[in-house]
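Worksheet for the structure shown next.
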There are 2 protein chains.
Amino acid sequence: MTSKQFSSVWVREPRQSKAQGHGLSRDQIVRAALELLDAEGLEALSMRKLGAKLGAGATSLYWHVANKDELLELAYDEIWGDMPVPDPDTVGWKDTASAFAHGMRQAILRHPWAASLIGRMPAIGPNSLRAGDRLCRALVLAGFRGMDQDYAGSAITAYVIGTTIPEVAWRSMSQAAGYDTESMREIVKMAAADYPDLVARTEHLAGLDERAVRAVNFDFGLLCVLDGLERRLGS
Amino acid sequence: MTSKQFSSVWVREPRQSKAQGHGLSRDQIVRAALELLDAEGLEALSMRKLGAKLGAGATSLYWHVANKDELLELAYDEIWGDMPVPDPDTVGWKDTASAFAHGMRQAILRHPWAASLIGRMPAIGPNSLRAGDRLCRALVLAGFRGMDQDYAGSAITAYVIGTTIPEVAWRSMSQAAGYDTESMREIVKMAAADYPDLVARTEHLAGLDERAVRAVNFDFGLLCVLDGLERRLGS
DNA sequence: ACCTGAACACCGTTCAAGT
DNA sequence: ACCTGAACACCGTTCAAGT
């Protein structure tokens, strides 16, 4: 029953607050939530724990936010706050799109818990919209109009979240299990034993630094997407 | 503490079972879980509810599966079971990759709860591996070798999950809220009011059938990815 | 305007005990 | 070999009551 409903904090008026200064504030709660999320992950965030961290009862939070999902929505949008997107007019659409993609990936890598939220809340907070608007304008500048503009934008974001979600998942699994990359690969090899091609595919990764491989992998695919987009412009 | 750990059902020996015939079996549990998931979604699946559906206590399940995550891993892999992937030798790599992508998308759309599991469990079950192997072979046939082969494969799967996760999310949100597509778009427009380009972007969707738009969107992006991959082959 | 504590209706999982 | 029930340690959320 949680985590659904399209009601979004962003379209509801916030509770009016007095001048205050003492006691809890929504910003303060969101900041504390972010700290907890960054430090311990999504599953570690409970209203009780967050309340305790703020020296208050769990139920005190409910005056400032409607429920946990709304709190997560607020925290989630913060993630996109420090995504540097250059001005498309000066660097061109491809570089802008590329910077957007890299910034988005970094934002998720820096806040891995956000990966699990991607399918769960609408990304219509102010930070998210600002970044989206920049990408949007870059695509107009490229020459995409009408539907194609939507399609192009969603191809880029889809690629980013599609690469980054598994990347984050892999990292957090290996970390939680206390395994290094090499032993993780061993396990995958065991599971895939029946498929020589798949085994070979993990075997040639032996000795390679995972993060480096992921980074190159990301650029490779991004190049494909951008090349493909460019080609659609011609026709 | 749940949902992490790299321990995967697929690399652990299952409990040996007798001839039986009466009582619970692992297959039976997984089948019931799938029914519940398809009917009511991920959040509605609890061990107690599943036990009840099978006429047993919740704790009875723990003899057949180690924990809830393991059960989800088993159910999750089933999703990829009916993904038709043609033989790359007869239809060529691009058509194979395209069929793979469409099959993957359909599998997720048919079992929306699986979308939330994508970043949470390793996809190394038998069905998942079989499909992966086919894609892998198609890419070899295309001419991708070594790292490029990995990169190409992950570009395709990344694109699919990156498009499909938000699609499923959008659907389930509108369904849960009881809104139709048009009123959902109104809400997004309100949230994005400060960004004329973004408002325009949702405005020209007015009156269009969402599913149809999504389908075209998917093909557009997929074409970009495949075109981009093809171009990398040349160099 | 803001915070509290008690209470409700849930969870997943363990474990001793049964058959 | 398999199932049970009681129990533990949690959840998110509501709500009457306080200040």
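Source: prediction; values computed, not measured. Chain A is the first sequence line, chain B the second, and so forth, proteins listed ahead of strands; every chain is numbered from 1.
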Per the side-chain hydrogen bond (donor to acceptor under 3.5 Å, both in side chains) rule, what does the pair list look like for residues 50-60 of chain A, sequence neighbours excluded?
A/E35-A/K53
Between D/dG12 (C1') and A/L45 (CG): distance, integer Å:
12 Å
Pairing pattern in dot-bracket form [Watson-Crick, G-U; both distances under 3.5 Å; | = partner strand] for DNA chain C
||.|||||...|||||.||
Can you list the residues that meet the salt bridge (charged side-chain N to carboxylate O under 4.0 Å, His left out) rule with B/R130, with sequence neighbours excluded?
none
Would you please name every residue forming a side-chain hydrogen bond (donor to acceptor under 3.5 Å, both in side chains) with A/W113, sequence neighbours left out?
A/D38
Sequence neighbours excluded, which residues qualify as salt bridge (charged side-chain N to carboxylate O under 4.0 Å, His left out) partners of A/K189?
A/E186, A/E203
What pair of heavy atoms forms the shortest contact from B/L50 to B/A33, and how long is it?
CD1-N, 3.6 Å
Pairs where residues 157-187 of chain A contributes a residue and the test ring-ring contact (aromatic ring centres under 6.0 Å, His included) is met, not counting sequence neighbours:
A/Y159-A/F218
Check salt bridge (charged side-chain N to carboxylate O under 4.0 Å, His left out) between A/E210 and all other residues, then give those that pass, not counting sequence neighbours.
A/R214
Holding to salt bridge (charged side-chain N to carboxylate O under 4.0 Å, His left out), I want the full list of residues that pass it with B/D150, two or more places apart in sequence or in another chain.
A/R201
Taking everything shown except B/R211 itself, do over 12 heavy atoms lie less than 6.0 Å from its CZ?
no
B/K49 NZ - C/dG12 C1' separation (whole Å):
15 Å
Atom pair distance, as rounded to whole Å: CZ in B/R26 and C1' in D/dC3
18 Å
Could you state the atom-to-atom distance from CH2 of B/W63 to C1' of C/dC15 in whole Å?
16 Å
I need the CG-P distance between B/L50 and C/dC11, as an integer number of Å.
12 Å
Just how far, in rounded Å, is P of C/dG12 from CD of A/E43?
13 Å
Expressed in angstrom and rounded to an integer, what is the separation of A/N67 atom CG from D/dG12 atom P?
11 Å
Which atoms of nucleotides 4-9 of chain C (N or O only) lie under 3.5 Å from a protein N or O atom, and what are those distances?
from: C/dT4; atom 1: OP2; to: A/G57; atom 2: N; distance (Å): 2.9
from: C/dT4; atom 1: OP2; to: A/S60; atom 2: OG; distance (Å): 2.2
from: C/dG5; atom 1: N7; to: A/T59; atom 2: OG1; distance (Å): 3.3
from: C/dG5; atom 1: O6; to: A/T59; atom 2: OG1; distance (Å): 2.9

Nearest-angstrom distance from the residue atom OH of A/Y62 to C1' of D/dT13
5 Å
At less than 4.0 Å, is any side-chain N or O atom of A/H64 found next to OP1 or OP2 of C/dC3? Yes or no.
yes
